[in-house]
2 protein chains.
Amino acid sequence: MHDSLTIGELSARSGVAPSALRYYERLGLVRADRTGGNQRRYARSELRRVAFIRIAQQVGVSLDEIRAALESLPASRTPTAADWARLSASWRGRLDERIRLLTKLRDDLTGCIGCGCLSLQRCTLYNPKDSLAAEGAGARLMQPRPAEDGVTPS
Amino acid sequence: MHDSLTIGELSARSGVAPSALRYYERLGLVRADRTGGNQRRYARSELRRVAFIRIAQQVGVSLDEIRAALESLPASRTPTAADWARLSASWRGRLDERIRLLTKLRDDLTGCIGCGCLSLQRCTLYNPKDSLAAEGAGARLMQPRPAEDGVTPS
DNA sequence: GTGTGAGTTGAAGTGCGCTTCAACTCAAGG
DNA sequence: CCTTGAGTTGAAGCGCACTTCAACTCACAC
């Protein structure tokens, strides 16, 4: 039929709201040609780009980092399967790390908080470094405090 | 010495900024007595409360849910080890679920995106239900779209 | 008594990832 | 040609979890 998609079609097929697609375009994550009347027309390959963006978000990557990753794709040709595989592989380590941290947290939760001691220093539970907290939270301008004194409640 | 803590002391021992502690108080997550001159004085048991809050955040729980959980603690007496254990256990399932989803995502990433197909419908990767995306992100007033049409790029 | 660092408040700002709105134009079917 | 749904823009708003600021007061060591 048509080899390009309107914003509504891309939205329906990707499950991403039109407003989000426009937002992605402003950030340089996707691109669209324009009709004579200034409407967006997306190449079908943008569908895969959008899919990649949403998956990367699930992995916990910020839009800015996703943009940087997408910039490493070849600009001259449509990305191949191998190109996408390479990019996906780069999130893989991150995902592994997140899983590792969460698993550790779970084990500590069982062994340490489970016992009620909540001794956050001995248990590595409450370790400010290598934390996985605060994904997509707010302003974090203060430098992270070192918890200099250690925590041993009650 | 003293059996109550100033905000600076609680901050140093918990690793949480004073501004955050005041914010927690506004939300009803911690409480403090006041001196004659209106300064906060925290009971030592608040230290454990703050620790619990930070750990729950790592598990991915919002402050509002944390508040609700803390309200289930006995108000009349200082919570016991068993009280904390019960609360912690309630996060456990959530943590398990997050780990499960992330692990699934990782496996799918290897098997599906890894091959470059990115066929987001067949692969369960891009499944809007049971997503773990968007923790702590922004306004989400639009109801989530069902991706009615299915995604099969290129 | 006095200086100084620590504490107080409310209001406003920040960063992210969007959504919402108003006012307008486009594209396609009848 | 006309209607109507889909698309356009910039500016503003939202929700979360805070931080920052200004203007002020407290507590304590000397």
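All figures in this text were calculated on a predicted structure; none of them were measured in a lab. What you see below is based on every heavy atom in this structure, not just the backbone, and it leaves out hydrogens, waters and symmetry mates.
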(request) Using atom CG of Leu27(A) as one end and atom P of dC18(C) as the other, report the distance to the nearest whole Å. (result) 9 Å

(message) Side chain of Thr6(B), heavy atoms from C-beta onward: which of dT8(C), dG7(C), dT9(D) has the nearest atom to it?
(response) dG7(C)

(request) Could you pull out the closest heavy-atom pair between Val59(B) and Leu105(A), with the gap in Å? (result) CG2-CD2, 3.8 Å

(message) At less than 4.0 Å, is any side-chain N or O atom of Thr35(A) found next to OP1 or OP2 of dA27(C)? Yes or no.
(response) yes

(message) Starting the side chain at C-beta, find the nucleotide from dC18(C), dT8(D), dC18(D) nearest to Gln39(A).
(response) dT8(D)

(request) Please check the phosphate of dC18(D) (OP1 and OP2 only) for any side-chain N or O of Arg54(B) closer than 4.0 Å. (result) yes

(request) Return the 5'-most residue of the pair Arg41(A), Arg22(B) with respect to DNA chain C, ranking by each residue's nearest nucleotide. (result) Arg22(B)

(request) To the nearest Å, give me how far apart CZ (Arg34(A)) and C1' (dA6(D)) are. (result) 14 Å

(request) Determine, for Arg94(A) against Glu65(A), whether the closest basic-nitrogen to carboxylate-oxygen distance falls under 4.0 angstrom. (result) yes

(request) Counting heavy atoms from C-beta on, name the nucleotide in dT19(D), dC26(D), dG7(D) closest to the side chain of Tyr23(B). (result) dT19(D)

(request) Rounded to the nearest 0.5 Å, what's the gap from CG on Leu5(B) to CZ on Arg40(B)? Could you check? (result) 14.0 Å

(request) Send over the distance from Leu21(B) CG to dT8(C) P, rounded to a whole Å. (result) 10 Å

(message) From CG of Asn38(B) over to P of dC26(D), roughly how many Å is that when rounded to an integer?
(response) 8 Å

(request) Please report the C-alpha distance between Arg92(B) and Asp96(B) in whole Å, then the side-chain angles of each, then the deciding distance to 0.1 Å, and finally whether the salt bridge (Lys or Arg N to Asp or Glu O under 4.0 Å) criterion is met. (result) CA-CA 6 Å; Arg92(B) 174 64 199 260; Asp96(B) 283 341; 3.3 Å; yes

(message) Under a 4.0 Å threshold between the charged nitrogen and the carboxylate oxygen, would Asp64(A) count as salt-bridged to Arg67(A)?
(response) yes

(request) Using atom OH of Tyr42(A) as one end and atom C1' of dG7(D) as the other, report the distance to the nearest whole Å. (result) 10 Å

(request) Compare the minimum distances between each of dT8(C), dT9(D), dC18(C) and the side chain of Gln57(A), then state the nucleotide with the smallest one. (result) dC18(C)

(message) Could you tell me how far apart Arg26(B) (CZ) and dA12(C) (C1') are, to the nearest whole angstrom?
(response) 12 Å

(request) Write down the distance between CD1 (Ile7(A)) and P (dT19(C)), rounded to a whole number of angstrom. (result) 11 Å

(request) Output the single nucleotide from dC18(D), dT8(D), dC18(C) whose closest atom is nearest the side chain of Tyr24(A). (result) dC18(C)

(message) Rounded to whole Å, how long is the line connecting atom CD of Glu25(A) with atom P of dG7(D)?
(response) 14 Å

(request) Establish, with yes or no, whether the OP1 or OP2 oxygen of dT25(C) is under 4.0 angstrom from a side-chain nitrogen or oxygen of Arg40(A). (result) no

